[in-house]
Structures are given as structure tokens and as C-alpha cells.
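Side chains are part of it too, since the values below use all heavy atoms of this structure and drop only hydrogens, waters and symmetry mates. In what follows, chains carry the letters A, B, and so on, assigned in the order in which the sequence lines appear, proteins first and then strands, with residues in each chain numbered from 1.
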Amino acid sequence: MSPTTFKFPLAAFPENIAELRQEVREFLGKELRGVPAHARARSWSGFDPDFSRKLAAKGWIGMTWPRRYGGHERSPLERYAVIEELLAAGAPVCAHWTADRQSGPLLLRFGTESQRMRSLPKIASGEIFFCIGMSEPNAGSDLAAVSTRAVMRGGRWRLTGTKIWTTNANRSQRMIVLARTRDPGQARHAGLSQFLVELPSPGITIRPITDFVGEREFNEVQFDDAILDEDALIGREGDGWKQVGAELALERSGPERIFSSAPLLMELMREATTASDSSKSDLVAKLVAQLWILRKMSASVARRAMLGENPALEAALVKDLGTTFEQSIPMESHALVDPNSELLDEGEFERTLAYLLPFSRTYSIRGGTREILRGVIAKGLDVR
Amino acid sequence: MNVESDLLIESMARLFADLAPSTAPGWEEALASRSMQLRAREQVSTSGLPDLLVGQEANGFGGGWSDAGAIFGLAGSEALPYPVVESVLANGLLHEAGLLAVAGTTIGRADSSQVSLTDSTFTGTVKAVPWASHCEAVVLQVGSKIVLLRIANRAGVVSRRNLAGESRDDLIFEAVQPIAVGYLPEGALSLELRGAIARTAQIAGALESVLSMTCDYVRTRQQFGRPLSGFQAIQQQIAVLAAETAAVGCAAVAVGKSAAERRSQSTVAFEIIAAKLRANEAAGIAASTAHQIHGAMGITSEYKLHLFTRRLWSWRGEFGNDAYLKRELTGLIRGLGADRFWQFLTTMDPVDFGQVAPN
């Protein structure tokens, strides 16, 4: 007998979950009324500060955090269900997304009391948004190659270097920067630290980069001896790599690795239920079977993390399967489009596809490329 | 699962390891040998396994679908060349229809347009009955009726085999009197869905074995002066195999739980069909990937990989091929309407009614 290699115990949701989902659905039914599918498809890339503030007023940002930091002390599986509802509906959650998902939890875990008090309540009320400065011109998947430097001079940290592909740097009030505080020496991962940086600040130049679908969410961020707050270091000096690892685990296997193309799947389903031939419904059936099990796998990882386990291998598996699923929705839908239609000016199915077909290529790049993740999976099986 | 289930699963793991031939050629022998088949039936029957899904009031084990799924998975991971899974399904179905089992009973899928059942006789052809030539009787579902028929000389047996060499025989009945006829209670799982649960679990088990064999192989096989496991191209393929294995493993457990709880008929059917469809997809991807990684070794008859991959290909078509499952799933979705689908999907999530929110 071969023992079961992977641990995906089924997650059971708290008993109030149906009412909570219903409450979110009613809220979204009102807030997103009339928003077409091609706009909903922006989902967690859709930046809408007003929407984020309304969500905060409902108590759905910082849901699991302690009340003294503006949180609501709900269970991680309640948060999971709310996130699922938001993404399934294609709600524009981008503005608060990074802070809610990872920067807030990072500060809760490693931040000083003053860092927490200054940021968490404002995140939870939808007042401030975060971005994350990890990638650099010469450090993408190879994050240990980071060369932005932080030096302590006169009791203050000073930052010099360039970050790139920083999502939302042009419209956030805080940035978490990974920088080198010491030379790497033998271990390349040593000597990195994380900093909490206020935006905008003197010595920091932010230049938006237009992406190939015409959006300007990417940025190049340059630090020219920028002087940081006294209390800018997050966690311990030199522990940056370890802290980033814990942070990345939070962003690997959530519903956002499954639902990024959900509005197109809904459009496809609508078309399939009225179409005369079976090609669209065959595709729907295949995708729905994948979605059915992916949700269970993702919720299982969320529950294990809630119990304090470290399901790194399972999280990588969910991200690999999930992003493949999200990408296959536009890819395979494209094969079924009427040959006489131009995607950009037809119905909602086509217009949503026109957005997602190119944009979905980012799914298997953001948050760790597919190749890196598959390396993580192989290592987890002792194939190295 | 409780302690009793754990003990059962442990003892079945020992039994199955004992039943599995030690070398690849042993499989051919077991599939062809009447005496080996009878000996295996004896051993399995002594263990009480065929009555796993039979209630304790009828001297069965009183197990549920979660136990059954785990045991079917074990059978799949050993690629057992005996009708172990089918005997559990047959006796469980007979029990639910209030009928007594006959030793050596299998299950078959009767196409209602090909058979007719009157008050006293059964006529028609039942195709590709698993292990029929090694069994004494077959259980069929005709509408809501459960029919137990002897596989006698009188019944024509047309011997056929699946890709793995397991017998899948056509049975021709002409005005045969059934051993017994009963009714499947309202809300009970159909024979078709029971078979789909079993094949999904067997695929999950076989995938576990394929993954573990393949990882072992790449760690030991050396090329260009180092183990294959050191090549990124191989690591990427191993990850693909792992992901498919993980998905079906999770699907098999989920379906066992769903069938055990049976919260509503439409959700159970949906989950079983979705699981089998996903398992079918994984079977295809995993078999191709494992063979590619193994190179020529994988197509060598003495090496065991093909025992699993040929079963994966066979099981992919049995109790629901892709075309059939997609039609069924689409039918359910059309019935709901696209706008109600998301809500339907979330109602299937397990809920812990004893769980207290942390605040």
C-alpha cells in the first residue's frame, strides 16, 4: 500500500456560514448592480477605494484581526467564505487586497506595537492601502538577489535602490520593502530585512508602467537615500527572508488562485444553458468538475493554516492547479467563439474574454511563477 | 474515521498486499487462473470484506462510504487482479434492496433498452460485466428494481477483457428466472453512482502508486552522471503528476463523505459525477506523464508501471466516461440555471454545527 502522500482533510465551515454568504450576496447585489462581466473580470485587479470603504464598514476587511487593532475577531473560514463571495461576483477588491491578505497579517505577526497601531485600524477602515516592494530589475523569481540597500545613519534607516513591477505603488499609502541590510556572505538569503515605508515621501520616485492591456497598476519605484521613520524596521534585522516566506505562504492557495476568471465562467455557463450545440456545455462540465475539487483543496489548506500547521506543499499544489484552471477558462472559451465576431465589440462573453485572454497570463507569474512552484512541489516530494 | 475504521483499513491493507502478485507476470497468471481466482475469493470472503456495506443487523460490518472509499483506494493502489471492489458493491446494493447475497456476486450495468424484466423472467444482454466469468451471480439495476441473476451455463457468457486484461464479459440472458428481485429504496444511490464512487477511489489509489513509483525511479535512475531527479525538466513533470494525484485523492475522500451524509439527492449526484469526471481527466494526464518520465523502462512488461496505467485507462471509461458524465453534469446545471449555480455549489460545503466562532 502507498500511504496518502498529501494531506487535504476536508474543512468544515462554521454553522453561521450560509447566513454570512447570504449577507455578502445581498451587499454585492446592490453594490455591483449593472456592472457588466467584462468589468467584473478585473476582480482583484479592480481598484475602487469607495467600494473598499463600504466593505470595511460591513466589517469585511481585517475580519480575523484583534478588535484592539480595528479587526473583528472572526474565524479564518468566515473570512475565506467572504473572500470567495467577493471573487465569485467579480467585486473590485484590489485597493485593500494586499493589506488585508498579507501586509496586515505580517505586521500582526512581526510588527512593533506602534507599527500595528499606526496601520492596522486604518487598513480595517479602508483608509490606507498597501503595496509590496519585492521584485527588482535583477531580482524576480530569484528574490535573494535583492540589491536595494538600507543603511543605518544617525539613528535612521536610509534606503537606496530600485523596485519594479510594484503593483499599486502609485495609489497606496504604505509600502513593505525588502532590502539588504548586510552583505549576503555565504548564505544568499541572509542579510535581508523588511521595512514599512510611507508613500509618498521625499527621495522616493514612483513611475507607472503601462501594461499590455492598457492598465497602469505596475510601477517602478526608485529610492534615492530616502530617510525612513525611526520605527520602520519590521521584525528582526536580517530575518527578512524568513518573514517573506511566511508572508508568501498566505498568498499562495486562497480563493484568488481559483476565481480570477470566475465572471467569464458565469458568462460561459449562461451561453451554454441556451446554446444548441454541446461544445460550451462540455467545457462548462469539465471546468465545474475542476472547480468543485479545487475549492475543497483550497479550504483545506486554509483550515490547516488556521490550526497553526504549515501546509507549504499542499499550498503550492493548490496554486499550480488553481492558476492552471483560471487560465484554461479564457483559453478554452476562446476556441468556441463565433469566427465572425471581434472580441472587443461583441456581447459580454466575448468582451470579458477579450480582457481575460491576455490578462490571465499573469496568473501563473504573480505570487511565484509556475516553474518556481513546481520546483517547491518536487522538493516537497524529495525529488531534488 | 474512528478506531474501528482504522483497524479495518489496516487489516485490509495487509490482506491486499498479500493478495497482490509479487511480480508483474503474476498478474497475467492471476487473471487467467480459475484456481487463483477462487482462492482469492475465499480469502476475501473469510475476511468479511464483501459485507462491508451490509448492516450489522444482517451480520455485516455496517461500514459507510468513507470506509468503502478508503478500501477501494487501497485496492486501486495494489492494482488487485480480483473482483474485490465489485463484491463489496454487489453485497451492499443487495442489502439495501432487502435481498440476501450469493457468494461471488458482481455488478453489471443493464441498459434499459436492451433488457426486459417481467414478473418471473429476465431477458436481454448486459455488456462488459466486470469479472463475470469469475463470478457466480450478477446484480443489476432495472429502473428502481434490483435483480440478482445466476451466471449459469445457460446464460451465454461472451468473454471480453478491458485494457488491463481484467474480464469484462457480455452476459446474454433468455427468459431466465432471477434468484431474487427487490426494490431500491427511495433516495438510495443508483448502481451507476456506486460504481462511479468505486472507480474514482480506485483511480486515486492507483495514482498514489504511480506517483510513488515514479519518484523512486527518478531518484535512482542516473543519466548524464546524475540522478534524473536533479533535472528541472523532470521536477516540473513530477509536480504535474503530484497535482493530479492530490486532486483525485481529495475528490475521493470528499465523495465518500458526501455519500455517507447524503444531505440531498441532487448534491450527492453532482459530487459523485464531478469527482469521476475529474478522476478521468487525472487518469489520462498522469498515465501519460508517468510513462514519459519512465522512458523505455515504463513500457517493459516486467516493470509494474503498466499494471497501473492500463487500469487507469480502463477505469477512466468505466461507470461514466467523459462524454456521459459531461451530459449528466450539464443536465444538472441546466436544471438549476446558471444564476443559481454558485449558490448550489456552496450548499455542498461541509458545515460543522458544533464549531463555535472564536469571538
Side-chain angles (χ1 to χ4, degrees), chain A residues 1-6 8-18 21 25 72-75 78 81 84 88-89 266 269-270 272-273 278 281-282 284-286 288-297 299-300 314 316-317 320-321 324 371 373-384, chain B residues 13 16-17 74 77-78 205 208-209 211-212 215 218-219 229-230 232 234-236 238-240 242-243 245-247 249-251 253-254 257 270-271 273-275 277-278 281 322 325-327 329-330 333-334 337-339 341-343 345-353 355-359:
Chain A
M1 154 196 189
S2 2
T4 304
T5 316
F6 308 109
F8 284 101
L10 295 176
F13 286 85
E15 62 179 313
N16 65 337
I17 213 69
R21 285 185 184 275
R25 282 172 200 159
H72 304 279
E73 301 187 359
R74 309 287 290 257
S75 93
E78 288 178 291
E84 257 201 340
M266 287 310 297
M269 210 175 275
R270 278 190 195 101
T273 46
S278 69
S281 44
D282 280 353
V284 164
K286 175 181 147 175
V288 156
Q290 293 176 343
L291 174 61
W292 168 76
I293 197 58
L294 271 167
R295 290 185 63 242
K296 293 187 194 290
M297 297 173 84
S300 170
E314 283 79 2
L317 287 163
D320 188 20
L321 284 171
T324 302
E371 289 71 20
L373 280 169
R374 288 187 174 171
V376 169
I377 294 167
K379 275 194 193 69
L381 292 166
D382 201 25
V383 169
R384 56 182 86 216
Chain B
F16 292 174
L74 280 176
S77 75
E78 295 284 4
E208 286 281 352
S209 293
L211 176 64
S212 123
C215 288
V218 300
R219 283 187 214 110
S229 59
Q232 289 195 356
I234 295 292
Q235 292 166 3
Q236 299 280 307
I238 290 283
V240 171
T245 304
C250 190
V253 171
K257 191 174 165 66
F270 178 94
E271 299 204 81
I273 293 166
L277 184 56
R278 186 64 186 85
E281 184 184 30
D322 286 24
L325 296 167
K326 284 177 181 174
R327 274 198 306 277
L329 211 51
T330 308
I333 295 169
R334 272 177 198 257
D339 291 327
F341 173 74
W342 171 242
Q343 188 183 359
L345 193 64
T346 57
T347 59
M348 286 176 243
D349 295 336
V351 173
D352 181 353
F353 289 100
Q355 191 176 322
V356 182
N359 46 337

Pair B:Asp322 + A:Lys286: basic N to acidic O under 4.0 Å: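 Answer for the salt bridge query: no.
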Got a second to check how far A:Leu317's CG is from A:Met297's CE, nearest 0.5 Å?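 Going from the CG atom of A:Leu317 to the CE atom of A:Met297 covers 6.0 Å.
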Quick one: CG on A:Asp320 to OG1 on A:Thr324, what's the gap to the nearest 0.5 Å? 4.5 Å
Proximal component of [X], with respect to chain B [non-hydrogen, under 4.5 Å]:
{"X": "A:Arg21", "result": "side chain"}
{"X": "A:Val284", "result": "side chain"}
{"X": "A:Glu371", "result": "both"}
{"X": "A:Leu321", "result": "side chain"}
{"X": "A:Ala88", "result": "side chain"}
{"X": "A:Leu294", "result": "neither"}
{"X": "A:Ala89", "result": "neither"}
{"X": "A:Ala316", "result": "neither"}

Need one label for [X]: side chain, backbone, both or neither, based on atoms under 4.5 Å from any heavy atom in chain A.
{"X": "B:Thr347", "value": "neither"}
{"X": "B:Gln343", "value": "both"}
{"X": "B:Arg219", "value": "side chain"}
{"X": "B:Val253", "value": "both"}
{"X": "B:Leu211", "value": "side chain"}

Walk me through whether B:Arg334 and A:Ser281 qualify under side-chain contact (heavy atoms from CB on, under 4.5 Å). CA-CA 9 Å; B:Arg334 272 177 198 257; A:Ser281 44; 4.1 Å; yes
A:Asn16 and A:Arg74: which non-hydrogen atoms are nearest, and at how many Å?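 Shortest heavy-atom contact: ND2-NH2, 4.0 Å.
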Side chains of A:Glu314 and A:Phe8 in contact at under 4.5 Å (non-hydrogen atoms):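 Answer yes - side chains close enough.
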